[in-house]
Amino acid sequence: MCHEKNARIPCTIMKHKALAEGVYELVLEAPGIVGEAKAGQFVNLYCKTGGKLLPRPISICETDREEGLLRLVYAVVGSGTREISGYPEGDQIEVMGPLGNGYTLDQGARHVLVGGGVGTPPLVELAKRLSGEKVIYLGFRTQPYLVESLREYGPVHVATDDGSQGHKGTVLELMEEHQVTGGMLYACGPTPMLRAVQAYALAKGIPSQLSLEERMGCGFGGCVGCVCKVRAEGGEGFAYKKVCKDGPVFDGKEVLLT
Amino acid sequence: MCHEKNARIPCTIMKHKALAEGVYELVLEAPGIVGEAKAGQFVNLYCKTGGKLLPRPISICETDREEGLLRLVYAVVGSGTREISGYPEGDQIEVMGPLGNGYTLDQGARHVLVGGGVGTPPLVELAKRLSGEKVIYLGFRTQPYLVESLREYGPVHVATDDGSQGHKGTVLELMEEHQVTGGMLYACGPTPMLRAVQAYALAKGIPSQLSLEERMGCGFGGCVGCVCKVRAEGGEGFAYKKVCKDGPVFDGKEVLLT
Amino acid sequence: MRMEVEIAGVRLKNPVTTASGTFGSGREYEPYVDINRLGAVIVKGVANKEWLGNPAPRIAETYGGMLNSVGLQNPGVDAFMLEDIPFLRRFDTKIVVNIAGRTVEEYCEVVEKLRDADVDMLELNISCPNVKEGGVAFGIDPKMAELATREVKKVARQPLVVKLSPNVTDIVEIAKAVESGGADAVSLINTLIGMRIDARKRKPVLANKIGGLSGPAVKPVALRMVYQVAKAVDLPVIGLGGIMTGEDAIEFMMAGATAVSVGTANLLDPGATMRILDEMEAFLQENNIRDIRDIIGVVE
Amino acid sequence: MRMEVEIAGVRLKNPVTTASGTFGSGREYEPYVDINRLGAVIVKGVANKEWLGNPAPRIAETYGGMLNSVGLQNPGVDAFMLEDIPFLRRFDTKIVVNIAGRTVEEYCEVVEKLRDADVDMLELNISCPNVKEGGVAFGIDPKMAELATREVKKVARQPLVVKLSPNVTDIVEIAKAVESGGADAVSLINTLIGMRIDARKRKPVLANKIGGLSGPAVKPVALRMVYQVAKAVDLPVIGLGGIMTGEDAIEFMMAGATAVSVGTANLLDPGATMRILDEMEAFLQENNIRDIRDIIGVVE
Ligand SMILES: Cc1cc2nc3c(=O)[nH]c(=O)nc-3n(C[C@H](O)[C@H](O)[C@H](O)COP(=O)(O)OP(=O)(O)OC[C@H]3O[C@@H](n4cnc5c(N)ncnc54)[C@H](O)[C@@H]3O)c2cc1C
Ligand SMILES: Cc1cc2nc3c(=O)[nH]c(=O)nc-3n(C[C@H](O)[C@H](O)[C@H](O)COP(=O)(O)OP(=O)(O)OC[C@H]3O[C@@H](n4cnc5c(N)ncnc54)[C@H](O)[C@@H]3O)c2cc1C
Ligand SMILES: Cc1cc2nc3c(=O)[nH]c(=O)nc-3n(C[C@H](O)[C@H](O)[C@H](O)COP(=O)(O)O)c2cc1C
Ligand SMILES: Cc1cc2nc3c(=O)[nH]c(=O)nc-3n(C[C@H](O)[C@H](O)[C@H](O)COP(=O)(O)O)c2cc1C
Ligand code: FES
Ligand code: FES
């Protein structure tokens, strides 16, 4: 047989525990994946039951190349993540990846990282790999997580919708208050947050890299299911790009968040 | 809520091992089921993956009421039994039962029990419950199993298709050779064997009880999917009866094995 | 929380009914189901005389579904009236009789016999894929569908639901035809026609070769059709096809169904209707919906 | 073991092809698939000009399947000829171009441009449920199907496969119509029309509301249609719909297909075609079948 590579790799679950209400940390033994992974890339997780065939794309939160460990952090939002949250340590799960383009590491001196909810996880690997000064802004609905992991790399400012920790309100309010600026703005989170970050970056004249979410059929560019709009090359109108393959990270100047 | 009873009960797998090539013994903790079970009844096993929704009906092989244990013996023949054979000890499987009518225990002094392949398992519980003399005939394609379990209750005569053990040929040849007779003939096995047993019993004037197999949609009488033919009441033609509910054990004088 | 809905003047205490042919007349389900809690029992198909049905195997498993070729085995309307109606009348629920036939005359014969029977509604099955001699033709040709509906309406005393086949190019056209024929409501979908082959034996798994596909696999098709039909006709719709959970049932109601039927799910778990009803109530509670009628057809 | 089959004079080294729209033009699959081992690559739909496709979300999960409303996004035939044909010609496999269009003129425009292109076969998609402005009408009306086939045949230099829609009352009638129109082969099935609703958001999951259902859930319907069509027409049939394993593929061939296409399975595992081919070969070996053509249509 000449097909060299298996795409779906069964990985052993080394650690699986709740970080916050409905948010789980999942550590997998996945040496092949972490060997290649870049910050901002993601993996596909596959469910086992209930006729759920499509992948659950989850961002790479952190990698440990020496131990071959892949750390993921995910929220239970539907039947797939609910099923996965029940897998015990020692069990196996099928994983494909790393997928997508990941963040481009800017060579500048100061980086602004912005995460919203389960958009926070990829910032961990990103912060680890970026050299230079980092300042981190995180927004949550209520209970924050991964704050300690990120504090290793720079000051962390937290906003929560219900004020249970940090600023009561949005992460953008906090950024505006601090008039934060830097050589590159990296963001991951829900679309309304990304839209606000994009506007902020444009207003301040800071380049930005935004990581998007879309429903996926394959995760590797096969189905053209996961599109977002980007400014058309001429300038008029738009073109569709694949979030899984051309993204999930897009240039804030190009992507149209409608 | 007024619905008293859950039909599908998750049961823990206490023991799971191969008895012969592709034939497994599965012991479940199922006190509710063994408390009610009769010889010749069956349970539904439910798979977990691959969109396989229908039950796998498996005969009750033996019960241990004190320990609440249910013993099943099954052959791997398709995707469902293949999946089940991979469940480790300690895992859970959903079970419904006991289902069907089971054998009627004859009060006579001598019983003939005939099993073919995976029709053998229900004879174990049956032999245990029958009082009086028992003589047991078993047919296998090649490697026999459950012979030792049955020898406790009476002499066991084995036939194998390939002659690897006992008589080389069919179990019917062995019965004809022995001109075996008794007050009741109980059989379970593939249809061709049942047909031969039925003819043998009629010829000898021995009443018989035959346990049938059919593809099932529900296992409890809900879908009318699992029918066999029985002589119509008037005598002309036939009527359909449900294997799962009116059977799986039928009177050899009534059932039409076409 | 108000769960009551009304179909053609018949009040159901809640929208959960049983799909014809997957619940018998309820006897096998009594240990697991509080029949008093059901909106209605839609019984298995009943013909003018006893039907033997098709030879076995009648069942085949498919990914996320099943094929059946039962072929409407039933003891005939006389036996049904003698045995099943008295059984069901012991419960506080509505009785809907599913009518099977090969010709308009056969349909009418059953319906006439039921004129004075103590049942609440009739469901005309013009969509069974498992009966060769006609029956199915009524479900795929709008003129035939209208004709059968009109003739049956003439003799029916109870409100008439017509059950539609999904094996058509344009289900809206059929729905409109039975509306013109005088139907009081429609139910959909019946099964999709499917097949399985046993590769080792080189033959179809079902003795009848083809059968009706049901179960969660068909839900997206069913939901689409319910949505299209509910938008196009003025009749109340009973939605079914692959309902396994309370949320599935809610989706059908949001697509425009006034009530739902649970089919294959009953076979997989006899208590399914009770669980589904509990889950529907929980959904309403969580989403602060006081009256189930507020969600009917909310999807645009 | 002989795996070669022939469709309309084109020899495929084995019956395994890729279903249009689930394999792009193969680039994304190269790391996982030895494209030289495929019987043919059926590429994604190509139109006369660039099509943007539908807005997102374009994908929804269903039990044992998926809905898509991609809407035939493609860069147009000129870009396709410039970029995709040279890429695919590097491999020793056949190239089948899936033709998209809203009108007969659009279909013909694409086919004319491909006259002198180095491709082996054309597949006319008269069955996409995701394009509103016609296109689908050709797939559900026998007269329109025949017309489109006939007009395209006039300009086509390569053999023409016509891809049929399952969303019809009588697929045999459509197959016969395209046979009369001069088709050299038929492929079936395209996707079933389906829908999903997000109960919490009270709206369809897909931006386009409805989409095409594919995956193992649809296999029984696909297999039944392939069986019916293969019995009724004299054309070779390419069978597809929910093929996940080698045994699934064998079932389609036993039902009458000369070749098969693997669709959704590619999205779930990019190496699916290789696994399926291995499994088919293993099946033949186990069952002592020397020539795959011996199983085509063996089921009666
Ligand atoms: C590139 C990328 C990275 C992501 N990283 C993370 C992460 O690190 N942590 C995390 O908690 N979540 C992440 N998500 C979101 C996560 O994929 C979804 O929450 C998850 O797939 C939902 O699955 P479910 O079965 O629980 O929900 P259901 O709604 O039951 O899922 C049904 C289907 O919808 C898809 N789906 C549902 N919501 C989304 C969504 N927001 N984006 C894409 N597909 C969706 C599922 O994949 C599935 O196909 C990421 C999404 C993308 C696209
Ligand atoms: C009352 C009864 C008791 C049984 N007892 C035993 C037993 O003790 N030990 C044992 O090994 N086997 C027994 N069988 C047969 C067993 O149920 C089948 O071998 C098993 O269901 C096959 O499942 P599968 O998924 O491996 O095969 P597949 O062929 O992949 O199954 C697909 C479908 O066909 C059904 N099916 C396939 N073969 C049969 C069959 N022969 N009878 C009924 N349904 C079938 C399955 O339930 C499933 O719905 C019994 C069958 C019945 C009806
Ligand atoms: C075993 C079985 C028997 C059925 N018998 C009938 C019947 O007698 N009359 C009828 O109108 N529909 C009959 N149906 C169709 C169901 O009522 C229902 O329309 C279909 O199964 C789709 O719903 P589901 O996916 O929830 O099962 C039958 C379905 C099954 C599975
Ligand atoms: C994402 C996606 C895109 C598709 N695009 C096309 C297309 O461009 N042209 C076409 O004829 N069929 C298209 N199809 C239909 C498939 O080719 C195939 O007919 C269908 O998916 C059934 O096969 P499957 O169940 O193996 O996927 C597409 C299917 C999917 C899932
Ligand atoms: S998910 Fe298939 S192309 Fe992106
Ligand atoms: S399997 Fe449903 S009635 Fe027997």
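Within every chain, numbering begins at 1; the chains are lettered A, B, ... in the order of the sequence lines, protein sequences first and strands thereafter.
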> Do Arg58(D) and Val227(A) pass the side chain to side chain contact (heavy atoms under 4.5 Å, CB included) test, and can you show the C-alpha distance, the side-chain angles, and the key distance before you say yes or no?
Replying inline: CA-CA 8 Å; Arg58(D) 291 178 171 183; Val227(A) 292; 3.4 Å; yes
> Where on Tyr63(D) is there a heavy atom nearer than 4.5 Å to chain A: the side chain, the backbone, both, or neither?
Replying inline: both
> Is the number of heavy atoms from other residues, nucleotides or ligands under 6.0 Å of Arg2(D) CZ greater than 12?
Replying inline: yes
>> Using every non-hydrogen atom in the two residues, find where Met66(D) and Gly217(A) come nearest and quote the distance to one decimal.
In response: CE-CA, 4.4 Å
> Considering only heavy atoms, which portion of Tyr46(A) lies under 4.5 Å from any heavy atom of chain D: side chain, backbone, both, or neither?
Replying inline: side chain
>> Can you tell me which portion of Thr264(D) sits under 4.5 Å from chain A's heavy atoms? Options are side chain, backbone, both or neither.
In response: neither
> Does a side-chain heavy-atom distance below 4.5 Å link Lys52(A) with Glu61(D)?
Replying inline: yes
> With distance as the sole test, does Gln73(D) use its side chain to make a donor-acceptor pair with the main-chain N or O of Val224(A) at under 3.5 Å?
Replying inline: no
>> Which atoms of Lys245(A) are under 4.5 Å from chain D, going by heavy atoms: the side chain, the backbone, both sets, or neither?
In response: side chain
> What's the shortest heavy-atom distance between Ala239(A) and Leu52(D), and which atoms?
Replying inline: CA-CD2, 4.4 Å
> Which distance, rounded to the nearest 0.5 Å, do you find between the OG1 of Thr62(D) and the CG of Leu53(A)?
Replying inline: 8.0 Å
> So, is the end of the Arg8(A) side chain (NZ or CZ) under 6.0 Å from the ring centre of Tyr32(D) and within 45° of the ring's axis?
Replying inline: no
>> Using 0.5 Å steps for rounding, measure from the CG atom of Asp269(D) to the CG atom of Asn44(A).
In response: 11.0 Å
>> Which one wins on heavy-atom pair count under 4.5 Å against chain D: Pro55(A), Cys223(A), Cys226(A)?
In response: Cys223(A)
> What do you reckon, is CD of Gln285(D) surrounded by more than 12 foreign heavy atoms closer than 6.0 Å?
Replying inline: no
>> Can you confirm whether Arg89(D) is buried at CZ, in the sense that more than 12 heavy atoms of other residues, nucleotides or ligands lie under 6.0 Å from that atom?
In response: yes
>> Let's test your reading of the structure: which of Gly64(D), Ala217(D), Pro216(D) forms the most heavy-atom pairs below 4.5 Å with chain A?
In response: Gly64(D)
>> Can you tell me how far apart CZ (Arg275(D)) and CG (Asn6(A)) are? Round to the nearest 0.5 Å.
In response: 10.0 Å
> For Ala60(D), is it the side chain, the backbone, both, or neither that has a heavy atom closer than 4.5 Å to a heavy atom of chain A?
Replying inline: backbone
>> Are there over 12 heavy-atom neighbours, none belonging to Glu21(A), within less than 6.0 Å of that residue's CD?
In response: no
> Atom CG of Leu268(D) and atom CG of Leu54(A): how far apart are they, to the nearest 0.5 Å?
Replying inline: 6.5 Å
>> I'd like to verify something: which residue of Met216(A), Glu94(A), Glu214(A) has the highest number of heavy-atom pairs under 4.5 Å with chain D?
In response: Glu214(A)
> Do any N or O atoms from the side chain of Glu28(D) and from the backbone of Phe220(A) form a donor-acceptor pair under 3.5 angstrom?
Replying inline: no
> Would you find more than 12 non-hydrogen atoms of other residues, nucleotides or ligands less than 6.0 Å from Lys13(D) atom NZ?
Replying inline: yes
